[in-house]
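Since we're looking at a predicted model, the values are computed, not measured.
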Amino acid sequence: MLERVLVRCATSYVSRMVPEVVFVLGAPGAGKGTQCAYISREFGFEHLSAGDLLREERQRPGSEYGEMIEAKIREGQIVPVEVTCSLLHRAMMRSGKNRFLIDGFPRNQDNLEGWTRAMSDKTKLLFVLFFECSQELCVDRCLERGAAGSGRSDDNLDSLRKRFDTYLKDTMPIIDHYQGCVRPLSLFYSDASADRVEEKSLVPRSLAHSAQTERDESCFFERATGVHLFIRGYHIKKT
């Protein structure tokens with residue numbers, strides 16, 4: 001009897017120790033990073049941006065991947081999955097946290113397969129948060145970000161065209177693959193800088209681990225001026 005209790009306790013402890021992951025996907029400029037920052041603050045998730053980690057590695061003195069990463073980013077292409085998974089895993093280990101928003105990953109089938117090989121037995125995927133936003137608005141927001149001095153070599157019209165081609169061809173099929181655990185969130189900003197003027201979070205109720213009905217868990221609460229949410233057929237608007 002005691003042995004069974006100890007086994008159950010050990011199993012429960014190990015289960016709690018397995019890092020929990022939410023993949024955050026969406027087009028370039030859809031607001032993934034901005035909203036992840038607020039979700040992180042409100043719910044204790046660690047925000048890991050695959051793109052930011054790659055840019056940091058590109059700038060790290062002596063990096064063996066720096067030139068390759070720069071070329072891939074400039075051309076709107078996807079960095080080999082082994083490099084991205086290695087950077088994500090290192091960041092997770094260093095954070096000391098157990099719940100992660102992984103922003104901008106997996107971006108294609110190779111990313112998905114690489115994550116499955118390297119990380120699926122080390123993490124627990126909670127769901128996929130998908131940010132939907134029109135291409136026109138995404139481009140406007142990226143160009144405004146570049147004009148404001150983002151320092152990103154891909155915040156220009158030529159790179160954005162390539163990035164959107166890659167997104168439609170490679171990333172959208174990943175959304176289809178995860179269809180059963182995708183939480184879609186459609187964003188309609190009143191203007192390209194709305195998320196900077198009144199930075200509030202579009203927060204998934206499910207991230208709060210609240211004991212609500214399935215309908216409630218599928219809904220998102222928003223407090224950002226000029227944003228309408230359409231979640232699984234429900235229209236939510238707050239002023």
Side-chain angles (χ1 to χ4, degrees), residues 23-41 46-61 63 65-81 83-84 87-88 91 101-108 111 129-172 174-175 184-202 222-229:
F23 289 145
V24 182
L25 297 175
K32 301 183 296 295
T34 298
Q35 298 305 326
C36 280
Y38 288 102
I39 293 172
S40 294
R41 285 207 295 270
E46 181 77 1
H47 174 210
L48 299 179
S49 165
D52 286 350
L53 290 173
L54 288 168
R55 282 182 282 273
E56 289 171 8
E57 180 65 19
R58 175 191 61 185
Q59 296 169 358
R60 185 175 65 84
S63 171
Y65 305 119
E67 291 184 7
M68 179 272 292
I69 292 173
E70 170 61 25
K72 293 287 187 182
I73 289 177
R74 188 172 53 248
E75 293 301 314
Q77 298 174 357
I78 295 175
V79 172
V81 65
V83 175
T84 309
L87 296 176
L88 285 169
L101 297 169
I102 298 186
D103 164 9
F105 187 91
R107 292 181 59 198
N108 64 3
N111 277 184
L129 183 58
F130 176 39
F131 286 76
E132 295 177 302
C133 192
S134 72
Q135 180 170 338
E136 180 182 4
L137 184 52
C138 285
V139 168
D140 287 346
R141 297 181 72 238
C142 285
L143 292 177
E144 179 180 309
R145 182 173 63 189
S150 67
R152 294 180 50 162
S153 59
D154 55 351
D155 277 343
N156 61 79
L157 197 54
D158 184 53
S159 290
L160 284 168
R161 290 194 185 100
K162 296 173 182 176
R163 290 167 66 191
F164 265 95
D165 287 344
T166 299
Y167 167 73
L168 294 173
K169 177 171 63 75
D170 293 336
T171 306
M172 284 306 297
I174 301 302
I175 300 299
L185 185 126
S186 299
L187 305 184
F188 300 88
Y189 292 99
S190 56
D191 59 68
S193 60
D195 63 316
R196 294 193 299 106
V197 172
E198 183 70 20
E199 289 189 306
K200 298 292 184 180
S201 180
L202 315 177
E222 57 88 6
R223 301 192 302 275
T225 302
V227 180
H228 300 248
L229 307 185

Open item on the list: Which heavy atom of Ala50 sits nearest to which heavy atom of Gly104, and what is that distance?
Closed with: CB-O, 3.9 Å
Open item on the list: Which residues pass the side-chain contact (heavy atoms from CB on, under 4.5 Å) test with Asp170, not counting sequence neighbours?
Closed with: Ile78, Asn108, Thr166
- [ ] Measure the CE-CZ distance between Met172 and Phe130 for me, rounded to the nearest 0.5 Å.
- [x] 4.0 Å
Open item on the list: Once rounded to the nearest 0.5 Å, what's the spacing between atom SG of Cys138 and atom CG of Leu143?
Closed with: 11.0 Å
- [ ] With Phe105 as reference, evaluate Leu25, Val24, Val81 under the side chain to side chain contact (heavy atoms under 4.5 Å, CB included) test and give the passing residue.
- [x] Val81
Task: Close side-chain approach of Tyr65 and Val79, heavy atoms under 4.5 Å - done: no
Open item on the list: Nearest 0.5 Å, please: how far is CD in Gln35 from CZ in Phe131?
Closed with: 5.5 Å
Task: Salt-bridge contact Arg60-Glu57 (side-chain N to carboxylate O under 4.0 Å) - done: yes
Task: Check: Leu101 and Ile39 side chains under 4.5 Å, non-hydrogen atoms - done: yes
Task: From Cys36 atom SG to Arg41 atom CZ, the distance as rounded to the nearest 0.5 Å - done: 12.0 Å
Open item on the list: Would you say that Thr84 contacts Leu54 through its side chain, given a criterion of any heavy-atom pair below 4.5 Å between the two side chains?
Closed with: yes
Task: Euclidean distance, Ser153 OG relative to Arg58 CZ, rounded to 0.5 Å - done: 4.5 Å
Open item on the list: Would Lys169 and Asp165 count as a salt bridge (charged side-chain N to carboxylate O under 4.0 Å, His left out) here? Give the steps.
Closed with: CA-CA 6 Å; Lys169 177 171 63 75; Asp165 287 344; over 6 Å; no
Open item on the list: Rounded at 0.5 Å granularity, tell me how far OG in Ser49 sits from CG in Leu88.
Closed with: 9.0 Å
Task: Residue list, salt bridge (Lys or Arg N to Asp or Glu O under 4.0 Å) with Arg161, at least two apart or on another chain - done: none
Open item on the list: Please give me the minimum heavy-atom distance between Ser63 and Gly66, naming the atom from each residue.
Closed with: OG-N, 3.2 Å
- [ ] Look at the side chain of Ser159 and the backbone N and O of Asp155, then say whether any donor-acceptor pair between them is shorter than 3.5 Å.
- [x] no
TODO: Answer yes or no: is there a donor N or O on one side and an acceptor on the other, between the side chain of Lys32 and the main chain of Ala27, under 3.5 Å?
DONE: yes
Open item on the list: Looking at every non-hydrogen atom in both residues, tell me the closest pair between Thr171 and Pro106 and how far apart they are.
Closed with: CG2-O, 4.5 Å
Task: Donor-acceptor contact below 3.5 Å, side chain Arg163 vs main chain Gly76 - done: no
Task: Step-by-step salt bridge (charged side-chain N to carboxylate O under 4.0 Å, His left out) determination, Arg55 to Asp52 - done: CA-CA 5 Å; Arg55 282 182 282 273; Asp52 286 350; 2.9 Å; yes
Task: Note, Met68 side chain near Val83 side chain (heavy atom, < 4.5 Å) - done: yes
